[in-house]
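Working notes, structure below.
Order of appearance sets the numbers: ligands from 1, and atoms from 1 within every ligand. Computed over heavy atoms, backbone and side chain alike; hydrogens, waters and symmetry mates excluded. Position 1 is the first residue of the sequence; numbering continues from there.
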Amino acid sequence: MFNRRKFIKTSALSAGLLAMDKTSMANLMPSKATKVANLPIVISTWDFGIAANADAWKVLSKGGKALDAVEQGVWVPEADEKNQSVGYGGLPDRDGRVTLDACIMDELGNCGAVLALEHIKHPISVARKVMEKTPHVMLAGDGALQFALEQGFKKENLLTPASEKAWKEWLKTAKYAPVMNIENQLYEKAAPQKLPGNQYNHDTIGMLAIDDKGNISGACTTSGMAYKLHGRIGDSPIIGAGLYVDNEIGGATSTGVGEEVVRNVGSFLVVELMRQGFTPEAACKEAVMRIIKKKPETAKNIQVGFLAINKKGEYGAYAIQQGFSYAVCNAEKQDLLIKGKSYY
Ligand code: ASP
């Protein structure tokens, strides 16, 4: 027998599903070319973000895509041998091997990542190839290297004399102990006075850009924690932890002790909080507070910073410790450096 109630319920449900499908489909579609006042814009973590933003700006200011901007922007610290926390010249793991982590995400929710990749100067570009040329999201270790070589990337030695020297120095005293915050302890040994947070060896570049079509992309790349266990992966190449982009809402990225960011799925959390109406800074603060609330003692001695941008191009950041900085670049100013607010 025909059951009217059941029919209404079912039709309402399918109508709802249809409507929902339409909305989520629309959210996934790149926005039309509507110019928003302060767009395009690019923001990135730490002082070295200024130089990275400048190259991203070359793409954005010519009407280029946010995805190309973030890739080309982070090439700058990846290639800079003086930067010992990203790409070429990065400090090695405890076995003396430079292993790189990177991920990239576009406005359609596509993403790609490489984990513990060795011998390739621009892991971000390999991550982009994973996104564009494979049905996968992540490639790790030897498999990532094999894929990179197949894609035509050059195999090179990434351990510079300066980083090798620093590692050998570390070896003299280092006992094998995978202490999460080893860098801070080393710094404190070297200089017992309280050091500002940005002198700790936690320096990943996370970059978020919105192009003139209003589309958002992000990139995150690092050599990870200095003298880490071989094979250790932090937050940086993990979508949702080190980076997350939702073209409807905004994007977020992180830097600092990756383990705590992974435990709290930090960047995804920040974007979801912005979806609920939090400003970028308030969302970053809430994500930091989750870490502090769960592990107040650990949090006293570690740095974690989040950086976020919303669909309107409003941005903000928050860190556990003082010293976190981020760089902002748009048509008004190309080399703005902002001191992130912090809990301590
Ligand atoms: N988040 C990175 C990691 O844990 C390190 C950093 O940002 O300094 O590998």
Quick check: Gly258 and ligand 1, any N/O pair under 3.5 Å apart? yes
Between Asp203 and ligand 1, does any nitrogen or oxygen pair lie at a separation below 3.5 Å? yes
Considering both backbone and side-chain atoms of Arg232, is one of its nitrogen or oxygen atoms within less than 3.5 Å of a nitrogen or oxygen in ligand 1? yes
Can you get from Leu60 to Leu67 by hopping between Ile, Leu, Val, Met, Phe, Trp and Tyr side chains that sit under 4.5 Å apart? yes
What atoms in ligand 1 come closer than 4.0 Å to a heavy atom of Gly224? 9 (O)
Going by the atom numbers of ligand 1, which of them fall below 4.0 Å from some non-hydrogen atom of Thr204? 1 (N), 2 (C), 5 (C), 6 (C), 7 (O), 8 (O)
Ion pair present between Lys165 and Glu169, side-chain N to carboxylate O less than 4.0 angstrom? no
Nearest neighbour of atom 5 (C) of ligand 1 from the list Gly234, Gly256, Ala241, on a heavy-atom basis: Gly256
Considering the options Lys228, Glu118, His119, which one meets the side chain to side chain donor-acceptor pair (under 3.5 Å) requirement together with Thr99? Lys228
Numbered in order shown, the ligand 1 atoms found under 4.0 Å of a heavy atom of Met225 are 9 (O)
May I ask you to check whether over 12 heavy atoms, not counting those of Asp142, lie within 6.0 Å of atom CG? no
In ligand 1, which numbered atoms sit nearer than 4.0 Å to a non-hydrogen atom of Ser236? 1 (N), 2 (C)
Are Glu260 and Lys294 within salt-bridge range, i.e. N to O under 4.0 Å? no
Side-chain (Gln321) to main-chain (Ala299) donor-acceptor, under 3.5 angstrom: yes
Does an N or O anywhere in Asp235 fall below 3.5 Å from an N or O of ligand 1? yes
When the ring planes of Tyr315 and Tyr326 are compared, do they come out parallel, tilted or perpendicular, using 30° and 60° as the limits? perpendicular
